[in-house]
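Taking it in order: structure first as structure tokens, then the write-up.
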Amino acid sequence: MSAPETLNPRTMSEALTLLAEAPASTAILAGGTDLLVRMRDRRNWPERILHLGRIDELRGVDQGAEEISIGALTSHSDLLRLQEQSGWGALLAQAARQIGSVQIRNRGTIGGNLVNASSAGDLIPALYVLEARLVLCSSQGTRELPVAGFFTGAGKTACRADEILNQVVFSRPAQHEKGLFIKLGQRRAQAISKVMLALWYGEEQGKLVNVRIALGAVASTVVRCPRTEALLTGRRLTSQVISQASRIVQEEVQPISDIRSTAGYRRQMCGVLLVQALEHILAAS
Ligand SMILES: Cc1cc2nc3c(=O)[nH]c(=O)nc-3n(C[C@H](O)[C@H](O)[C@H](O)COP(=O)(O)OP(=O)(O)OC[C@H]3O[C@@H](n4cnc5c(N)ncnc54)[C@H](O)[C@@H]3O)c2cc1C
């Protein structure tokens, strides 16, 4: 096996031209924390590597009045610095904090987490509840996909071989809205999720509004929970409402069994994580 040719473009336009020359035999490299593991195990051995690391325009968080835009090369450590932001920033920081170790968070990127498309990718449920859109660029043009339409199966996405994920965007949420992220793994650190939950909500006159719930690592892609969201919307939180929500969420998920956990345990834990999140809101209100 000969060493792949490495390409180091400095602009997106240069990167897209290089990718268009041979998309099928080129692997895109961001932080390398997933790709290099696959190459070490010989599960992936591309002829060419397109390294995005020198493209500064792909890095950083742009906070517009209407929209937040995050460059695909923004690292998990960069997201952790958003923890002082209210709502969306704190949610992304909570999810980023759970990823691997300091070294992995320094190298790993939001773009890599999305395109790698592991069902246990920690940022993905948070981006579901923020109803993010993904901006994909190729030499042919630009298109935008809702995050829920991006994943087509475990490890599979709608990103074509000639496309680069450029940005993750979402509408700036209302000031009073907040999010919570809870991850359950085998250990507290350096563990892949067995189940994770992202919850987004606002409160108006003591009642929950705009409730969005996403569960990760329970199915081949992240799932939203529309029945549980509908049950909670417009309700005042009480211990009765919390146990009702826990029951409904367990009815509506269809978990899988795999090496990390069984379907039955995952189902039960979906209920437990939701109770934890709702009790946290109740205690804070
Ligand atoms: C020890 C260890 C612990 C880990 N722990 C966690 C964890 O706790 N939680 C978690 O979610 N993940 C974890 N990971 C996985 C990994 O760190 C993350 O998924 C990370 O976000 C991947 O980002 P990256 O920039 O390193 O991706 P890369 O490895 O560079 O790329 C991953 C895939 O995405 C493609 N890609 C990357 N960027 C783009 C782009 N802009 N456009 C198109 N395609 C692109 C690549 O071609 C490749 O197929 C861990 C990995 C390791 C090695």
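Every number for a ligand or one of its atoms is a count from 1 in the order of the listing.
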Carboxylate-amine/guanidinium proximity below 4.0 Å for Glu144 and Arg133: yes

Can you tell me which residue among Leu114, Ile70, Val222, Asn113 is in a side chain to side chain contact (heavy atoms under 4.5 Å, CB included) with Leu127? Leu114

Hey, which atoms in ligand 1 end up nearer than 4.0 Å to a heavy atom of Gln98? 8 (O)

Is Ile28 close to ligand 1, meaning an N/O of one under 3.5 Å from an N/O of the other? yes

Within ligand 1, which atoms have a heavy atom of Ala30 less than 4.0 Å away? 25 (O), 30 (O), 37 (C), 38 (N)

Positive for side chain to side chain donor-acceptor pair (under 3.5 Å) with Asn116, one of Thr157, Asp34, Thr109: Asp34

If two hydrophobic side chains count as joined below 4.5 Å and joins carry through other members, does Leu35 share a cluster with Leu58? no

Is there a path from Leu36 to Ile28 through hydrophobic residues (I, L, V, M, F, W, Y) whose side chains come within less than 4.5 Å of each other? no

Could you list which atoms of ligand 1 come closer than 4.0 Å to a heavy atom of Arg38? 48 (C), 49 (O)

Using a 3.5 Å cut-off on N or O atoms only, is Glu163 in polar contact with ligand 1? no

Indicate yes or no: does an N/O atom of Leu35 lie under 3.5 Å from an N/O atom of ligand 1? yes

Mind running side-chain hydrogen bond (donor to acceptor under 3.5 Å, both in side chains) on Glu163 and Ser138 for me, showing each step along the way? CA-CA 5 Å; Glu163 285 179 316; Ser138 74; 5.1 Å; no

Would you kindly specify which portion of Ser101 sits under 4.0 Å from ligand 1, judged on non-hydrogen atoms: side chain, backbone, both or neither? neither

For atom 5 (N) of ligand 1, the option (of Cys159, Gly100, Cys137) bearing the nearest heavy atom: Gly100

Nearest non-hydrogen contact with atom 53 (C) of ligand 1 belongs to which option: Thr26, Val168, Thr33? Thr33

For ligand 1, which atoms, with element, lie under 4.0 Å from some heavy atom of Gly121? 11 (O)

With atoms numbered from 1 as shown, which atoms in ligand 1 lie under 4.0 angstrom from a non-hydrogen atom of Lys183? 8 (O)

Numbered in order shown, the ligand 1 atoms found under 4.0 Å of a heavy atom of Ala120 are 11 (O)

Pairs involving residues 209-239, ordered by first then second residue, that meet ring pair (Phe, Tyr, Trp, His ring centres under 6.0 Å) (sequence neighbours left out): none

Using a 4.0 Å cutoff against the non-hydrogen atoms of Ala72, which atoms of ligand 1 qualify? 41 (N)

Please evaluate residues Glu131 and Arg224 with respect to the criterion salt bridge (Lys or Arg N to Asp or Glu O under 4.0 Å), reporting the C-alpha separation (whole Å), side-chain torsions for both, the decisive distance (0.1 Å), and the verdict. CA-CA 11 Å; Glu131 297 191 327; Arg224 282 277 295 268; 3.0 Å; yes

Could you walk me through whether Arg267 and Gln254 pass the side-chain hydrogen bond (donor to acceptor under 3.5 Å, both in side chains) test, one step at a time? CA-CA 8 Å; Arg267 184 184 303 282; Gln254 302 294 329; 4.6 Å; no

N/O to N/O below 3.5 Å, does that happen between Leu36 and ligand 1? no

So, regarding Gly31 and ligand 1 (criterion: nitrogen or oxygen to nitrogen or oxygen, under 3.5 Å), is there a contact or not? yes

Hey, can you pull the donor-acceptor pairs under 3.5 Å for the side chains in residues 3-15, sequence neighbours left out?
from, atom 1, to, atom 2, distance (Å)
Asn8, OD1, His51, ND1, 2.9
Thr11, OG1, Glu14, N, 3.0
Glu14, OE1, Arg10, N, 3.2

Please determine, by modelled atom types, if Thr26 and Glu47 share a side-chain donor-acceptor pair under 3.5 angstrom. no

Atom 4 (C) of ligand 1: of Thr157, Ile124, Ile104, Leu50, the nearest heavy atom sits on Ile104

Pull out every atom of ligand 1 sitting under 4.0 Å from any heavy atom of Leu52, numbered as shown with elements. 40 (C), 41 (N)

